[in-house]
**Student:** 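Please see the structure below; I have some questions.
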Amino acid sequence: MRIVLLGAPGSGKGTQAVRLKSQLGVAHISTGDLLRAEVAAGTALGVKAKAVMEAGQLVSDDIMLGMLENRLAQPDAAGGFILDGYPRNLAQANALDALLVRIGQPLDMAVLLEVDNELLFQRLAGRAQAEGRKDDNPETVRERLRVYAAQTAPVVGYYRERGQLAALDGVGTLDEVYARIVAAVGARR
Ligand code: ADP
């Protein structure tokens, strides 16, 4: 299975992706994790990305596409993948389609976790206390939610128009939400 997981910051994408990856035996590709690894390693790319991430904005499409292409070329991605954090705007959605066609691995579906803004804000405030991620401070959280609404939300329509979207309620316990994802993915297998 080749799946794009969509949802705002705090929607639970990352947590659910980890579980789904084990169940499906595919690769979990989180572009946020890839970027944080570059930052931690102090690479040139990481140095560039750090300030952008801490401001809650999007790292450039060129950088992201190069990074994604490298990751998809690794052997574990050949058996399928869950993309978490990509695409984040329409240009990335188009670039992804072209890339996947080129490598002969077209997407099977996109799964959206829907959570309203107030709850997202609460969850991210909780995570800020628990994990201390630099981009979880209230000001940056607001900017990330704004960037999501302006740039990433249109990507939902992109997949809906192609008949590839499963829009799911992202509110509930982790198990409840996971069961909805498994049902939606099972229906397309
Ligand atoms: P969240 O979805 O919870 O905001 P992520 O870990 O997915 O967190 O991403 C953290 C940050 O990494 C984003 O705010 C953004 O700056 C950067 N980032 C991740 N994926 C992308 C992408 N596809 N395009 C541009 N920037 C990205």
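First listed ligand is number 1; within each ligand, the first listed atom is number 1. The structure displayed is predicted, hence computed values, not measured ones.
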**Student:** Considering only Ile, Leu, Val, Met, Phe, Trp and Tyr, and joining two whenever side-chain heavy atoms are under 4.5 Å apart, list the other residues clustered with V47.
**Tutor:**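 Besides V47, the cluster holds no residue at all.
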**Student:** Side chain to side chain contact (heavy atoms under 4.5 Å, CB included), that's the test. Do E54 and T140 meet it? Break it down for me.
**Tutor:** CA-CA 7 Å; E54 284 177 10; T140 309; over 6 Å; no
**Student:** Please confirm whether the backbone N or O of D135 pairs with a side-chain atom of R144, one donor and one acceptor, at under 3.5 Å?
**Tutor:**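 Answer holds: yes.
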**Student:** Main chain of L90, side chain of N94: is a donor-acceptor contact present, judged purely on distance under 3.5 Å?
**Tutor:**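 Yes: the side chain of N94 pairs with the backbone of L90.
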**Student:** Please walk me through it: do Y148 and N117 pass side chain to side chain contact (heavy atoms under 4.5 Å, CB included)?
**Tutor:** CA-CA 11 Å; Y148 180 82; N117 253 20; over 6 Å; no
**Student:** Using a strict cut-off of under 4.0 Å between a residue heavy atom and any atom of ligand 1, list the qualifying protein residues by chain and number.
**Tutor:**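 Lining ligand 1: P9, K13, T31, G32, L35, R36, M53, Q57, L58, V59, M64, G85, Y86, R88, Q92, R127, R133, D135, R144.
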**Student:** Using modelled atom types and a 3.5 Å cut-off, is there a donor and acceptor pairing between side-chain atoms of R180 and backbone atoms of D169?
**Tutor:**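 Flag set: sc R180 to bb D169 pair under 3.5 Å.
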